[in-house]
Amino acid sequence: MSWSILELVRNNPDKLVENLRKRFVDVSLINKVIELDRKWRTTLQEVERLRHEHNVITDQIPRLPLEERKTKIEEAKKLLVTLKEKEKELKQVEEERESLLKSLPNLVSEDVPIGPDENYSVPIKFWGRFKVYKDDLEEFKKQTGGMQVDYEVLEWKPVGHADELERVLGLGNTEKASQVSGSRFYYLFDDIVWLDFSLLLYAVDLLTSKGYRLVLPPYMLRGEVIHSVIDLDTFKDAIYKIEDEDLYLIATAEHPLAALYFKEEIEKENLPIKLVGVSPAFRKEAGAANKDLKGIFRVHQFHKVEQFVYSLPEESWNYHKELISNAEELFQGLGLAYRVINIASGDLGACAAKKYDLEVWMPAQAKFREMVSCSNCTDWQAYRMKIRYVDRKNNKKGYVHTLNSTAVASTRTITAILENYQRQDGAIEVPKVLRKYLEMFKAAPKDYILPKKAK
RNA sequence: GCCGGGGUGCCCGAGCGGACCAAGGGGCUGGCCUUGAGAGCCAGUAGGGAUUCACCCUGCGCGGGUUCAAAUCCCGCCCCCGGCGCCA
């Protein structure tokens, strides 16, 4: 069984064109890919024919009398010259074909809304009681687009997460961090650090209780590996490199979790494999320009709990639903009102066939902000990583499907808590579900995180 | 990081320049046999290309090189085991 995209290149190029159109990317590549694949196959056949000829001669040589040997060796040498040339050609065509093939984005799932950018993404679900400041009511209604949603009106405007963190609570210092490390870094202190820990434990606790295997993965990967998990855009925007080494910092545990079966075969019986990884995430945020420079919403490093599933192709859409519903369960537990959106085709990353984002309403910003991203990558990553399943009973092999979803990204979730659990006096209530993970620590907050002047 | 030993198919393991281009065993899958199981026998069990079948190429950790010919010789890298050093 081959890769779904290569299959289309050979058997159904129209469908491939249609797919690229859906993503609003350049379609002209397709003919080139088809042409290259055809050329690759004919050149391969020529090379193999020449190799065969050479093998035949080589085979005869040891059984020949000495003088005949000499002429045969000459013949073989001559053949080698032609062969080397053809092989060089093959290699060139192959590299070109491969790099073009790998530049193709994943096929878009049928039920993804079509549109060039995020404005075409479709909310499919709202959950919870949204806290809306009275002057933002109109904006809120616009953003919920007439959907039936539950909300309460706030008479006072909550303080934005950044000011709440640094000025009201006095538990963060991004200025010092930017002096010593750069912008988008931070120092967090005391109760916010406890909050970070408790979020991770909460997510890990829930997912392991559902049978996900807990993993602490490597935080750096080799170039070849990281390139096969992500697309070039992500690489450029996100990935830090270790100087003078072929090592890259992960941008999420998804990367090392996907790499866990790099170039391996998985027995069909062992699928699905469900993992929950905990790791820091390092991101350059190169494409973000001046977005979200204030506070800790968009930062170069944070802690993250990640869900990851390897599945049989025919089962992957079920697990996609499972992953988003796990994430929802986590945010429902936290009591953060959210919406789930089905990301538009033009806004999908190259890896994903379909992506759900979970966005929490931020009362101070009057915006929904992304907390979770849940993707089915189908066989796109698996093809690059050469991860296949083996069905021994039916003597069949195929690429597995890989899926990933955020469970909790610490700093982002903290910003949501800072805005949604804020009292008018500036105190932050600790979400009830986190309290049991804080109980055992003497210094950890128990019910409220209080403003600095109140202490 | 240094010194020594090693990496062969799903697993164990032989081969250490050419003569059925990986022996032999185990496992797994299918078939025969059997009331059923087992034993026994036969076949299949890396990737790719072509194809009605037969077929061909590549593959012995990875990448180069020497040779008409490389699992086998040479160089670089990765990993594993043992010893020394360093370290949380």
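So that the names make sense, note that chain A is the first sequence line, chain B the second, and so on, each numbered from 1. Just so we're clear, the structure is a prediction, and the values are computed from it rather than from any experiment.
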**Touch class at under 4.0 angstrom, heavy-atom based, for A:R51 against every strand present** = sugar-phosphate
**Complete:** A:E48 atom CD is separated from B:G59 atom P, nearest whole Å, by 11 Å
**Complete:** Sorted by position of nearest nucleotide on RNA chain B, 5' first, the leading residue of A:R49 and A:Q45 is A:Q45
**Asked** When you compare B:G63 with B:U58, how far apart are their P atoms, in angstrom units rounded to a whole number?
**Response** 15 Å
**Prompt:** Is A:R10 salt-bridged to A:D37, cutoff N-O under 4.0 Å?
**Reply:** yes
**Item:** A:R41 side chain near B:A50 phosphate (N/O to OP1/OP2, under 4.0 Å)
**Value:** yes
**Message:** Rounded to whole Å, how long is the line connecting atom NZ of A:K86 with atom P of B:U58?
**Reply:** 17 Å
**Fill in**
Rounded to whole Å, the CD-P distance (A:E265 to B:U29) equals 16 Å
Check the interface with nucleotides 71-77 of chain B: list each N/O to N/O pair with the protein under 3.5 Å, or write none.
none

**Salt bridge present between A:E87 and A:R51 (N-O < 4.0 angstrom)** = yes
**Asked** Over how many whole Å does the gap from A:N270 atom CG to B:C28 atom P extend?
**Response** 15 Å
**Item:** Six-ring centre of A:Y248, A:K241 cation under 6.0 angstrom, axis tolerance 45°
**Value:** yes
**Asked** Rounded to whole angstrom units, what separation is found between the NZ atom of A:K91 and the P atom of B:G63?
**Response** 10 Å
**Request:** Considering only NZ, NE, NH1 and NH2 on the basic side and carboxylate oxygens on the acidic side, decide whether A:E224 and A:K263 come within less than 4.0 Å.
**Result:** yes
**Item:** 5′-ward residue of the pair A:R63/A:H52 relative to RNA chain B
**Value:** A:R63
**Request:** Could you tell me whether A:R369 sits above the aromatic face of A:F297, with NZ or CZ closer than 6.0 angstrom to the six-membered ring centre and within 45 degrees of the axis?
**Result:** yes
**Request:** Verify the neighbour count for atom CD of A:Q92: are there more than 12 heavy atoms of other residues, nucleotides or ligands below 6.0 Å?
**Result:** no
**Prompt:** If you measure from the C1' atom in B:G83 to the same atom in B:A88, how many Å do you get, rounded?
**Reply:** 22 Å
**salt_bridge(A:E254, A:K304) N-O dist < 4.0 Å** = no
**Prompt:** Counting any heavy atom closer than 4.0 Å, what does A:R97 reach on the DNA or RNA strands: base, sugar-phosphate only, or nothing?
**Reply:** nothing
Quick one: which protein N/O atoms are closer than 3.5 Å to N/O atoms of nucleotides 65-69 of chain B? Pair and distance per line, please.
residue : atom : partner : partner atom : Å
B:C68   : OP1  : A:K77   : NZ           : 3.1
B:C68   : O2'  : A:H54   : NE2          : 3.0
B:C68   : O2'  : A:T58   : OG1          : 3.3

**Request:** Pick base, sugar-phosphate or nothing for A:D59, based on heavy-atom distances below 4.0 Å to the nucleic acid.
**Result:** nothing
**Asked** Centroid-to-centroid, A:Y310 to A:Y261, below 6.0 Å?
**Response** yes
**Request:** From the options B:C57, B:G64, B:G48, select the nucleotide whose nearest atom is closest to the side chain of A:N55.
**Result:** B:C57
**Contiguous pairing runs of three or more, Watson-Crick or G-U under 3.5 Å, that involve RNA chain B** = B:1-7 with B:78-84, B:10-12 with B:24-26, B:27-32 with B:40-45, B:46-49 with B:55-58, B:61-65 with B:73-77
**Prompt:** What integer number of Å spans the P atoms of B:U72 and B:G9?
**Reply:** 15 Å
**Any A:K263 side-chain nitrogen or oxygen under 4.0 Å from OP1 or OP2 of B:G61** = no
**Request:** Report the distance from atom CG of A:D246 to atom P of B:C62, rounded to the nearest whole Å.
**Result:** 18 Å
**Request:** Answer yes or no: is there an ion pair linking A:R388 with A:E264, defined by an N-O contact shorter than 4.0 Å?
**Result:** no
**Message:** Taking B:C60 as the reference, what is the distance to B:G40 when you measure between their C1' atoms (whole Å, please)?
**Reply:** 33 Å
**Request:** Check A:D26 against A:L20 and note the closest heavy-atom contact, atom names and distance.
**Result:** O-CD1, 3.5 Å
**Complete:** A:Q60 CD to B:C20 P, in whole Å, measures 14 Å
**Asked** Do you see a donor-acceptor pair shorter than 3.5 Å between the side chains of A:N326 and A:Q307?
**Response** yes
**Message:** What's the gap between B:G61 and B:U52 when it is taken at their P atoms, as a whole Å value?
**Reply:** 37 Å
**Message:** Between A:H303 and A:F197, is the ring centroid distance below 6.0 Å?
**Reply:** no
**Distance in angstrom units between A:I266 CD1 and B:C10 C1', rounded** = 15 Å
**Request:** Answer yes when A:D163 and A:K294 have at least one side-chain N-carboxylate O distance shorter than 4.0 Å, and no when they do not.
**Result:** yes
